[in-house]
Amino acid sequence: MKALVVCSFKERLNGHVAPFVKEQVEALGKAGMECELFLVKGKGTLGYLQQLKPLKNNIKDFNPDVIHAHFGLCGLLANLQRKVPVVTTYHGSDINDKKNLPFSKMAMRLSAWNIFVSRKTMEIAKPKKKCTLLPCGIDFSDLQLYEKQDARKRMGLDAAKKKYVLFAGAFDNAVKNAPLAKKTVSFLQDENVELLELKGYTREEVTLLMCAADAFLMTSFSEGSPQVIKEALACGCPIVSVDVGDVKERLESVAGCHVAKTREPKELAELLQKALAFATKTQGREKLLADGLDNRQVAERLVGIYKNVLK
């Protein structure tokens, strides 16, 4: 079975495609699928529409059985041809952002099947049928098993006195709400606690930072099913987060991880203090496997969706 995967071209990313899409495609290949990527290089509605002819040419050359589009606007583009059935995955920003939601709604009506990565996005989108709740999975690796001190040495971090809190993104990414994270850490009144910005690192370095950190902090205004939360869980890093996306489901019953009831810095600081005091790796890795979020498990479910669509 052949699948053409349609996603946005990301100039700022190495490899020009979001890592979670790339890893999912690789997992599908291991599950027996023959996959090819079509990268949408246009910007805005007009830019996407201009990609229709190249997309049709790609379909003619590759002759896929199914198209899997990532994000609503890609799903809408993919559905402007009616030769091959389209499965569209909505990742959060295409539903949470009111400007993007109408395009996603159109893609939902046209798609043969719709995949939502969190229950909250489904509640906003209100799909009537042809839908599945399926978060993106992650790849599991031995690097995620690094002990804290070994990871700190590899990353050149203080191995003794410092306590590191890893922020869930770049400080200049407005959606991630860095000001709230900084206020939270300041409430601790501990000079030995340092908030680390997650920016400019390779995938391997991000994993090592998650192993090296004493806690992981998410304060975003909105999310779908954040990959960084799953990656931090796989590394056993204690997590504190606001109630956003599917974070509550992911952290449920994982000792050392906490979801705040409010967005008050004081409450977040109290939870962060508990996370910093958690002395061992969490059981986050086991929770992810129980939730079926190894990429191999997700790929098997996707193959089942493709087969169902083709019936």
Side-chain angles (χ1 to χ4, degrees), residues 1-31 33-81 83-97 99-101 103-104 106-108 110-118 121 125 132 134-139 175 203 223-228 230-231 295 298-299 301-303 305-306 309:
M1 187 163 44
K2 298 167 73 174
L4 181 64
V5 179
V6 179
C7 59
S8 299
F9 177 84
K10 303 289 185 182
E11 293 182 6
R12 61 185 178 82
L13 295 174
N14 293 328
H16 311 303
V17 61
F20 59 85
V21 174
K22 181 174 180 289
E23 290 167 3
Q24 188 176 98
V25 168
E26 290 171 352
L28 284 169
K30 292 175 183 177
M33 294 287 301
E34 183 180 349
C35 298
E36 186 171 298
L37 281 168
F38 178 82
L39 301 181
V40 181
K41 298 180 181 180
K43 292 184 179 180
T45 309
L46 181 60
Y48 271 65
L49 290 174
Q50 290 173 341
Q51 294 292 296
L52 181 57
K53 185 176 180 180
L55 174 62
K56 287 183 175 181
N57 290 337
N58 196 306
I59 291 170
K60 184 179 180 180
D61 293 339
F62 184 55
N63 193 29
D65 300 290
V66 65
I67 293 174
H68 189 164
H70 287 271
F71 291 94
L73 201 51
C74 285
L76 181 56
L77 168 66
N79 275 292
L80 292 179
Q81 60 76 42
K83 179 183 178 182
V84 183
V86 177
V87 174
T88 304
T89 294
Y90 306 88
H91 290 275
S93 60
D94 44 7
I95 301 295
N96 296 327
D97 190 325
K99 293 180 181 179
N100 295 330
L101 183 57
F103 298 109
S104 295
M106 286 187 275
M108 285 164 52
L110 294 168
S111 295
W113 204 261
N114 297 289
I115 298 173
F116 297 86
V117 297
S118 75
T121 55
T132 298
L134 180 60
C136 290
I138 66 164
D139 287 343
V175 175
R203 296 284 284 164
E223 293 283 351
S225 176
Q227 291 298 101
V228 287
K230 295 170 218 169
E231 290 162 0
N295 260 329
V298 172
R301 290 191 62 186
L302 287 173
V303 171
I305 289 171
Y306 300 155
V309 164

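On a predicted model such as this, the values are computed, not experimentally measured, just so you know.
Taking every heavy atom of both residues into account, A31 and A299 meet most closely at CB-CB, 4.3 Å. Of all heavy-atom pairs between E23 and D139, the closest is CG-OD2, 3.4 Å. Between N58 and F38, the closest heavy-atom pair is ND2-CD1, 3.5 Å. Considering every non-hydrogen atom in both C35 and L28, the closest pair reads SG-CB, 3.8 Å. What you find for P64 and V84 is that their closest heavy atoms are O-CG1, 3.8 Å. Considering all non-hydrogen atoms of both residues, W113 and V309 come closest at CB-CG2, 3.8 Å.
In this structure, the side chain of Q227 engages the main chain of G137 through a donor-acceptor pair within 3.5 Å. Side chain of K230 to main chain of C136: a donor-acceptor pair is present (N/O by atom type, distance under 3.5 Å, no hydrogens or angles). Remark: the backbone N or O of G92 is paired with a side-chain donor or acceptor of D94 at under 3.5 angstrom.
Taking CG of L52 as the start and CG of N57 as the end, the distance is 9.5 Å to the nearest 0.5 Å. The CG atom of N63 lies 10.5 Å from the CG atom of L4; values are rounded to the nearest 0.5 Å. Remark: I95 CD1 to T121 OG1 distance equals 6.0 Å, nearest 0.5 Å. Note that OG of S93 and CD of E223 are 9.5 Å apart. Values are rounded to the nearest 0.5 Å. Note that the SG atom of C7 and the CG atom of L39 stand 5.0 Å from one another [nearest 0.5 Å]. Atom CD of Q51 sits about 10.5 Å away from atom CG of L46, to the nearest 0.5 Å.
Contact check for I59 versus I67: side-chain heavy atoms found under the 4.5 Å cut-off. Contact check for V25 versus L37: side-chain heavy atoms found under the 4.5 Å cut-off. Between P85 and Y306, every side-chain heavy-atom pair lies at or beyond the 4.5 Å cut-off. Using a 4.5 Å cut-off on side-chain heavy atoms (C-beta onward), V17 and V5 make no contact. For the pair Q24 and L302, the minimum side-chain heavy-atom distance is below 4.5 Å. When side chains are defined from C-beta on, V21 does not count as touching T89, because their heavy atoms never get closer than 4.5 Å. Using a 4.5 Å heavy-atom cutoff, the side chains of T132 and R301 are in contact. Between N100 and L73, every side-chain heavy-atom pair lies at or beyond the 4.5 Å cut-off.
E26 and K30 are not joined by a salt bridge, as no carboxylate oxygen comes within less than 4.0 angstrom of a charged side-chain nitrogen.
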Candidate pair M33 and H68, rule side chain to side chain contact (heavy atoms under 4.5 Å, CB included), full reasoning: CA-CA 12 Å; M33 294 287 301; H68 189 164; over 6 Å; no
Applying side chain to side chain contact (heavy atoms under 4.5 Å, CB included), run through V87 and I115 and close with a yes or a no. CA-CA 7 Å; V87 174; I115 298 173; 3.7 Å; yes
Residues L49, L80; criterion side chain to side chain contact (heavy atoms under 4.5 Å, CB included); working and verdict: CA-CA 9 Å; L49 290 174; L80 292 179; 3.6 Å; yes
Pair Q81-K60, side chain to side chain contact (heavy atoms under 4.5 Å, CB included): steps then yes or no: CA-CA 11 Å; Q81 60 76 42; K60 184 179 180 180; over 6 Å; no
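Dense packing is recorded around OH of Y48, with more than 12 heavy atoms of other residues, nucleotides or ligands lying under 6.0 Å away.
Between the side chains of Y90 and N114, at least one donor N or O lies within less than 3.5 Å of an accepting N or O.
Ring planes of H91 and F71: tilted class, angle from 30 to 60°.
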